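Each remark here refers to the structure printed beneath this line.
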Amino acid sequence: MTILNWLAKKQPPTRSKTEKLNIPGDVWSKCPTCSEVLFLKELEKNLSVCPKCNYHFRLSPEDRITYIFDKNSFEETHAAIEGIDFLNFEDTEKYKDRLKKAQAKTNHKDAIVTGTALLKKIPVNIGVMNFGFLGGSMGSVVGEKITRLIESGAENKNPVIIFTSSGGARMQEGIMSLMQMAKTSAALYRLEQAKVPYISVLCDPTTGGTSASFAMLGDLNIAEPDALISFAGPRVIEQTIRQKLPKGFQRSEFLLKHGMLDLVVDRKAMRQTLYTCISILGGQP
Amino acid sequence: MKSLEFEEPIVELTEKINQLRSLSGSEALDLDSEIAKAEKKADQLRKEIYTNLTPTQVIQISRHPNRPDSLSLANLIFEDFIEIHGDRQFGDDPSIICGLGKLKGQSIAIIGHQKGHDTKENIYRNFGMPNPEGYRKALRVMYLAEKFNMPIITFIDTPGAYPGLEAEERGQAEAIARNLREMISIRVPIITIVIGEGGSGGALGIGVANKVFMMEYSIYSVISPEGCASILFRDAKLASKAADNLKITAKDIEGLGIADGIIKEPFGGAHRDWKVTAETIKKTIVKELAAYKKRDTEQIVEERYAKFRQMGQFIEGK
């Protein structure tokens, strides 16, 4: 290895993609962007946002619901819908086994939790995606749960809020996962007809089939700071155009500048912002 | 014509037949029976090869450089076909063509991905990979079709929406998402035919139809087998394995309830005979549209919603 190569390899990591939150003892965590070592309890008190650099940690659905909605107001719906390996898909592992592992790891059946909750006493239909479950990918279960969530919002006149965190369509379900894009977007047309507000909250990351369907179709599109939001992944684009991408490309602030988002909102201000928007657009306590 | 790797045995035999023919002409030899035998063998060989195609071979046919393209098919199928341009917002995307035409007296709007047949054309058409303005042009034409009560025919043939820097800046995801939502609402019948490659969201962006047909050797997939192989199998060379797993051939897509039917191609693939291909497609379109003449608008919109609403496979416990 030449010294140049060695030096090149020494570049600081851009951002760790894994969520290695838990340093042994579950007491300390390290910020993946600024490397600050953080006391977990302090971090949680700060809504899992790094106090030093404002990095927004990825969240479990439970934490997100706790941070944003009224205490104990969440009631889960359709929790028992479960995926099946109808293509007998096998890559380095069987899809069947991947599903089982993800279920054991997250205690959820699939990559989204849906239900009703109160937002400062306003009843809302909420969907919270879980990146920890197979990269938050959308297969039949995610598509069906989102569709039901939206349909019930249209029926009950409950505003709909969906928090996305998803790499896109779930390849292990082949063409069926692609069709979930059409299915969820179709449901949103019905919601629009019913004149019920829909707010899409885009969290890190929101890419591929998720961004190219319900995530981009909010009456209001709101993002957490510095979230990766894209159709094609940065690596694919770099390979296609053979150029290095500019800094901040496909991050929330970039999308705001290019007219794709209404707001970029810090996690600490999210509850209040969502409440204000929903109450103005017509949610009723 | 460029031949595909698995067609080599046929090509060799065809060359031999041609040699025999030239001999028979020059030296007054009677080789007719020999030639006939060889021709019969070639036909048989082609039949054997084409009835046992692997998904990877089907992919090759679906991407064949001589496969009929949307513009050519539009010109062959519709009367008075006239191409129209532009999204009225940013530009005109040559990767998606739109046009108006007539079919048995009925006015029709046509939308299709457009690939080229050689390098120069392909560069102009961006290899059939649309930018956001392509999807916005398509949507503009769908609204136009709705306004004048014209059925919409879309041809799918794309590796996928373009993964480019400007495409992202101008909202590739938003453009596709909007089309998915709006297409479900369009108050005229929409018929989609996957004529070659149905690549992911870039394909679906003009594919939310009442009826979806696959050409016999077309494919439809959530991700290219190459892309899938490099992500899931961690090796781009395992594309054929990925293709087997993804279930992307016309038969598979029909079996999963996504396609409503398969349109037969001429013997040896659509690239062998554009006219026959166009005729067969035309017959399907005419038949389908006739059925929609008797149905009212609400039914047409409801049918499309119901079609996509039921897509998905899962189990539901208590």
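Reminder, nothing fancy here: chain letters follow the sequence lines and each chain counts from 1. In this text, all values refer to a predicted model and were calculated from it rather than measured experimentally.
- Heavy atoms closer than 4.5 Å to chain A are found in both the backbone and the side chain of S185(B).
- Interface remark: F249(A) contributes side-chain atoms only to the contact with chain B (heavy atom separation under 4.5 Å).
- Using a distance-only test at 3.5 Å, with no hydrogens or angles considered, no donor-acceptor pair links the side chain of K247(B) to the main chain of G174(A).
- Contact of A187(A) with chain B is made through backbone and side chain together, with heavy-atom distances under 4.5 Å.
- Taking Y220(B), Y305(B), F233(B) one by one and counting their heavy-atom pairs under 4.5 Å with chain A, the maximum is reached by Y305(B).
- Highest contact tally toward chain B, considering only L217(A), N221(A), T210(A), is held by L217(A) [criterion: heavy-atom pairs under 4.5 Å].
- Of the two parts of E82(A), the backbone and the side chain both hold a non-hydrogen atom closer than 4.5 Å to a non-hydrogen atom of chain B.
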**Asked** Between E192(A) and R181(B), is a side chain to side chain contact (heavy atoms under 4.5 Å, CB included) present by the stated rule, with each step listed?
**Response** CA-CA 10 Å; E192(A) 183 148 294; R181(B) 185 187 62 195; 3.5 Å; yes

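- Ranked by heavy-atom pairs under 4.5 Å with chain A, the first of V208(B), L204(B), N179(B), I231(B) is L204(B).
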**Request:** Give the intermediate values and the outcome of salt bridge (Lys or Arg N to Asp or Glu O under 4.0 Å) for residues R309(B) and E151(A).
**Result:** CA-CA 11 Å; R309(B) 178 65 188 88; E151(A) 285 176 339; 2.8 Å; yes

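- Proximity to chain B (any heavy atom under 4.5 Å) is shown, for M171(A), by both the backbone and the side chain.
- Heavy atoms closer than 4.5 Å to chain A are found in the side chain of I223(B), but not in its backbone.
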